[in-house]
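Presented below is the structure to which this report refers.
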Amino acid sequence: DGAPVFNLGALLSDAAIKMITDPVKGVLRFDYGVTKRISETCSNHPHYLSMYCHTLLNRQVHDGWVNQQDFDNTLAEMLETPIEPFTRIWEQATWAERSVLAGMAAIHGAHGPITGQEIIRFMERQNSSVESVVVIESLRSLAERGVLVPMGAVSYRFHVELLRYWLREHTDPAEVMAQVNWGKA
């Protein structure tokens, strides 16, 4: 209703680390590498950093220490709760776009940019009806909406890496791909 709107983007790495550590200085200590892992998983995005750190603090405040296992347990707990922006992305996506998202999340060993051809090959192994033209159009559409970030001419990554974890937890690529009428998509 006329109120100013600010879109928060990713913080610089140092600022993201400070956002994780400064509010809990003297309350929580972190094993080496944990803060970097948190910031990378949340893609240095203040909203997701805040959500993650809130869950982490509630879990670890009595221990006063955060190690790699605590990171994993906190991530698992966080993924069990609804994450509204991710639910909205999923609900607004077409079945073809959902297939692409679920497929990208399921590609093991892939962190960061994934080429369109890698995504197509993975999806074709899951479902022989997959149409590469539909996959490429879905990638483009998801990038236009800010869900994916184009990396050069043929590669994409998730805008927020945490979405990959959420999709792995909540989707089955084969089931999602079976919902698409690839000939009409």
Side-chain angles (χ1 to χ4, degrees), residues 1-30 33-61 66 70-71 73-105 110-114 116 119 135-171 176:
D1 293 339
V5 175
F6 296 98
N7 288 319
L8 297 176
L11 300 171
L12 297 174
S13 294
D14 291 345
I17 299 293
K18 283 183 172 234
M19 185 174 172
I20 296 165
T21 58
D22 283 1
V24 293
K25 196 172 290 243
V27 177
L28 288 180
R29 293 180 313 176
F30 296 86
V34 172
T35 54
K36 184 175 184 200
R37 197 165 169 210
I38 294 168
S39 68
E40 288 174 351
T41 300
C42 296
S43 299
N44 295 339
H45 194 288
H47 175 71
Y48 300 103
L49 285 168
S50 177
M51 287 174 57
Y52 185 92
C53 290
H54 177 77
T55 305
L56 178 68
L57 180 62
N58 286 336
R59 285 184 55 82
Q60 298 304 125
V61 71
V66 181
D70 298 324
F71 168 87
N73 293 339
T74 301
L75 181 60
E77 181 178 325
M78 186 177 169
L79 293 174
E80 290 174 4
T81 62
I83 301 177
E84 175 56 33
F86 297 163
T87 303
R88 194 173 335 108
I89 287 168
W90 186 256
E91 289 172 351
Q92 291 174 353
T94 65
W95 279 104
E97 291 169 342
R98 290 177 183 182
S99 295
V100 167
L101 290 170
M104 284 182 69
H111 293 282
I114 306 171
I119 298 162
V135 173
I136 297 300
E137 178 58 29
S138 295
L139 287 166
R140 187 195 57 72
S141 174
L142 290 163
E144 284 177 0
R145 293 201 321 268
V147 177
L148 300 177
V149 177
M151 305 294 291
V154 296
S155 297
Y156 296 86
R157 69 170 173 79
F158 287 97
H159 176 68
V160 177
E161 186 65 21
L162 185 61
L163 177 57
R164 177 193 310 268
Y165 291 95
W166 186 85
L167 289 164
R168 281 183 183 166
E169 185 71 23
H170 296 281
T171 65
V176 177

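Here CG of L162 is found 11.5 Å from CD1 of I38. Values are rounded to the nearest 0.5 Å. One distance of note links OG1 of T55 with CD of Q60; it measures 11.5 Å at 0.5 Å rounding. The structure places OG of S99 at 12.0 Å from CD1 of I119, a figure rounded to the nearest 0.5 Å. Residue I20 holds its CD1 atom at 7.0 Å from SG of C42, rounded to the nearest 0.5 Å. Here the OG1 atom belonging to T94 is positioned 9.5 Å from the CD atom belonging to E137, to the nearest 0.5 angstrom.
Although no hydrogens or angles enter the test, the distance criterion places a donor-acceptor pair under 3.5 Å between the side chain of R98 and the main chain of W90. The closest donor-acceptor contact from the side chain of R164 to the backbone of A105 lies at 3.5 Å or more, if one exists at all.
Here the side chains of M51 and I83 are in contact, with some heavy-atom distance below 4.5 Å. Taking 4.5 Å as the limit, some side-chain heavy atom of M104 sits within range of a side-chain heavy atom of Y156.
Partners of H45 by ring-ring contact (aromatic ring centres under 6.0 Å, His included), not counting sequence neighbours, listed by chain and number: Y48. With sequence neighbours excluded, the residues satisfying side chain to side chain contact (heavy atoms under 4.5 Å, CB included) with N58 are H54. With sequence neighbours left out, the ring-ring contact (aromatic ring centres under 6.0 Å, His included) criterion links H47 to no other residue. A search for side chain to side chain contact (heavy atoms under 4.5 Å, CB included) contacts involving D22 returns K18, K25, not counting sequence neighbours. In terms of the side chain to side chain contact (heavy atoms under 4.5 Å, CB included) criterion, residue partners of I136 (sequence neighbours excluded) are, by chain and number, I120, L139. When the side chain to side chain donor-acceptor pair (under 3.5 Å) test is applied to S141, the partners found at least two apart in sequence or on another chain are E97, R145. Residues that satisfy the side chain to side chain donor-acceptor pair (under 3.5 Å) test with Q92, not counting sequence neighbours, are absent from this structure. For the side chain to side chain donor-acceptor pair (under 3.5 Å) test, residues two or more places apart in sequence or in another chain that qualify with E77 are R59. Here S50 pairs with M19 under the side chain to side chain contact (heavy atoms under 4.5 Å, CB included) rule; sequence neighbours left out. F71 meets the ring-ring contact (aromatic ring centres under 6.0 Å, His included) test with Y52; sequence neighbours excluded.
Every pair passing salt bridge (charged side-chain N to carboxylate O under 4.0 Å, His left out) that includes a residue from residues 40-50 is listed here, sequence neighbours excluded: K36-E40. Applying the salt bridge (charged side-chain N to carboxylate O under 4.0 Å, His left out) rule to pairs touching residues 87-96 yields E84-R88, sequence neighbours excluded.
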Side chain to side chain contact (heavy atoms under 4.5 Å, CB included) between V147 and L163, worked out: CA-CA 9 Å; V147 177; L163 177 57; 3.9 Å; yes
Intermediate values then yes/no, side chain to side chain contact (heavy atoms under 4.5 Å, CB included), S155 and I114: CA-CA 5 Å; S155 297; I114 306 171; over 6 Å; no
Residue pair F30, L56: steps toward the side chain to side chain contact (heavy atoms under 4.5 Å, CB included) verdict: CA-CA 11 Å; F30 296 86; L56 178 68; 3.8 Å; yes
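Pairing each heavy atom of I17 with each of S39, the nearest pair is CD1-OG, 3.8 Å. The shortest heavy-atom contact between A10 and S43 is CB-O, 3.6 Å.
Each of V160, L101, L75, L79 was checked for a side chain to side chain contact (heavy atoms under 4.5 Å, CB included) with W166, and the lone residue meeting it is L79. When each of L142, V149, L167 is paired with F158, the side chain to side chain contact (heavy atoms under 4.5 Å, CB included) condition holds for L167 and for no other.
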